[in-house]
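Structure first, then comments.
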Amino acid sequence: MNFNLSKYMCGRVTLTKESVPVNHRFAKQVNEAELVPNYNIGPTQKVGVINSEEPEHLQFLSWGLQITVNHHPTLLLNARADTLLERKTFAPLLEAGQTCFMLVDSYYEWSTTSKANRHPYRILLKDNDLFGIAGLYKRIVDEQTGEETIQFTSITTEPNPMLSKIHDRMPAILPIGHEMDWLKPQANPKDYLTMLQPLNEKLLQMYTVSNEVGKLTNNYPDLIKPYEYPAQPEQLSMF
DNA sequence: CCAGACGTTGTT
DNA sequence: GTCTGG
DNA sequence: CCAGACGTTGTT
DNA sequence: GTCTGG
């Protein structure tokens, strides 16, 4: 079996808020973290994460868990929810309660259902609120310096009907309002998996955005604006 | 995830 | 086409 | 015991 | 680090 390691879903997110109301469930974490609105966060970049060790703090961690595959260092951005307990890399983390979630207010997805109309979409809650994407984290100690860092990967699951129109996976968005349950120790590792269901599409909205978002160095408010693409005729495979 | 590169040796 | 870097 | 692996998505 | 295969 050949694996292509360079392709992932759920590889871009945003955290555009500077603050939230004081009675918001994430008020403590967000309002103490001195947020800088970010419209284009990608792999290896710092993303706001809350983990089971310090659920009261929003930390900014580099996105990706590094492992070695075929002698090559490989960055894992995503872990599949359905095989978490079968994977040597992920099962020990789940069993040890090394759970976390990315705190974001949208993610980008490039539609793959049509070659002619391959555009980036922005997906967010209908009420534009913050949400959590489930993940697993790992402490890494540098042998030389003794320096300790935290790496993490986000979790993907089956798409709901709305998102299945553009992609065959979606991020494991934690149940709205119950995000902290993901950080609590579970009696059985399997109990974690029940929290990794596709989020109901009724809570979500999506729209196409400019392909300027593809370039990771672009980062400005216009990236999250709706952008209409002229309809392209599908390529016919015959004639 | 997309964008962008895609090569080696020796010398500074 | 396929890998690397961000 | 040691050696070697350890992973996901998209496209066809 | 930890598991699997030999």
Side-chain angles (χ1 to χ4, degrees), chain A residues 1-15 38-47 60-98 102 104 106-123 133-143 146 148-159 163-172 189 196 206 208-219 223-224 227 234-235 237-238:
Chain A
M1 185 82 78
N2 256 344
F3 293 107
N4 179 340
L5 311 180
S6 62
K7 304 259 199 272
Y8 294 83
M9 73 80 52
C10 190
R12 298 291 177 90
V13 297
T14 71
L15 180 49
N38 196 323
Y39 304 89
N40 202 359
I41 306 169
T44 72
Q45 297 185 321
K46 298 282 184 179
V47 51
F60 286 86
L61 304 180
S62 174
W63 186 357
L65 193 68
Q66 193 182 304
I67 65 163
T68 304
V69 179
N70 302 333
H71 310 292
H72 297 295
T74 303
L75 201 60
L76 300 177
L77 309 185
N78 298 136
R80 293 177 65 94
D82 33 311
T83 53
L84 272 191
L85 290 173
E86 301 164 19
R87 295 282 176 262
K88 298 174 211 172
T89 303
F90 304 133
L93 300 179
L94 195 64
E95 282 156 14
Q98 310 274 99
M102 295 195 282
V104 303
S106 71
Y107 75 96
Y108 298 111
E109 188 82 272
W110 279 258
S111 64
T112 52
T113 42
S114 151
K115 249 185 183 174
N117 296 290
R118 189 167 196 282
H119 309 306
Y121 285 73
R122 181 177 187 232
I123 296 98
I133 297 176
L136 297 171
Y137 72 92
K138 185 179 185 178
R139 295 193 161 279
I140 306 293
V141 180
D142 189 303
E143 298 284 332
E148 200 175 69
T149 51
I150 300 178
Q151 298 183 346
F152 82 96
T153 188
S154 59
I155 298 172
T156 68
T157 187
E158 296 287 311
L163 286 163
S164 68
K165 287 172 186 152
I166 60 169
H167 211 93
D168 63 352
R169 305 292 293 170
M170 72 176 282
L196 304 177
M206 70 175 183
T208 50
V209 294
S210 163
N211 55 25
E212 287 167 28
V213 76
K215 207 180 168 84
L216 197 44
T217 48
N218 288 340
N219 190 350
L223 293 182
I224 64 171
Y227 182 97
E234 292 298 322
Q235 290 278 2
S237 54
M238 298 197 172

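Letters A, B, ... are given to chains in the order of the sequence lines, protein chains preceding strands, and every chain is numbered from 1.
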>> Without decimals, in angstroms, what is the distance between A/Leu136 CG and D/dT8 P?
In response: 11 Å

>> Rounding to an integer number of angstrom, what distance separates B/dC2 and D/dT9 when you compare their P atoms?
In response: 13 Å

>> Categorize A/Thr44 for me: base, sugar-phosphate, or nothing, with a 4.0 angstrom heavy-atom threshold over every strand shown.
In response: base

>> Expressed as a whole number of angstroms, how long is the span from A/Leu85:CG to E/dT2:P?
In response: 17 Å

> Is A/Phe90 touching bases, backbone alone, or none of the nucleic acid, heavy atoms closer than 4.0 Å?
Replying inline: sugar-phosphate

>> Does D/dT8 have its OP1 or OP2 closer than 4.0 Å to a side-chain nitrogen or oxygen of A/Arg80?
In response: no

>> Quick check on C/dG6: is either OP1 or OP2 less than 4.0 Å from any side-chain nitrogen or oxygen of A/Arg12?
In response: no

> With both distances under 3.5 Å as the test, what is the Watson-Crick or G-U wobble partner of D/dA3?
Replying inline: E/dT4

> Taking atom P of C/dG5 as reference, at what distance in whole Å does atom CG of A/Leu216 sit?
Replying inline: 15 Å

>> Within this structure, what is the OG1-CE distance for the pair A/Thr156 and A/Met170, rounded to the nearest 0.5 Å?
In response: 10.0 Å

> When rounded to the nearest 0.5 angstrom, what distance separates CG in A/Leu93 from CZ in A/Arg87?
Replying inline: 14.0 Å

> Rounded to the Å, how far apart are A/Glu158 CD and D/dT8 P?
Replying inline: 13 Å

>> Just to be sure I understand the rule, does A/Gly42 reach a base, reach only the sugar-phosphate, or reach nothing, if contact means heavy atoms closer than 4.0 Å?
In response: nothing

> How would you label the contact of A/Pro92 with the nucleic acid (heavy atoms, under 4.0 Å): base, sugar-phosphate, or nothing?
Replying inline: nothing

> NZ of A/Lys215 versus C1' of C/dG5: gap in Å, rounded?
Replying inline: 13 Å

>> What is the separation between atom CG on A/Asn218 and atom P on B/dA3, rounded to the nearest whole Å?
In response: 10 Å

> Between C/dG6 atom C1' and A/Gln45 atom CD, what is the distance in whole Å?
Replying inline: 6 Å

>> Working to the nearest 0.5 angstrom, can you tell me the gap between A/Thr149 OG1 and A/Gln151 CD?
In response: 5.5 Å

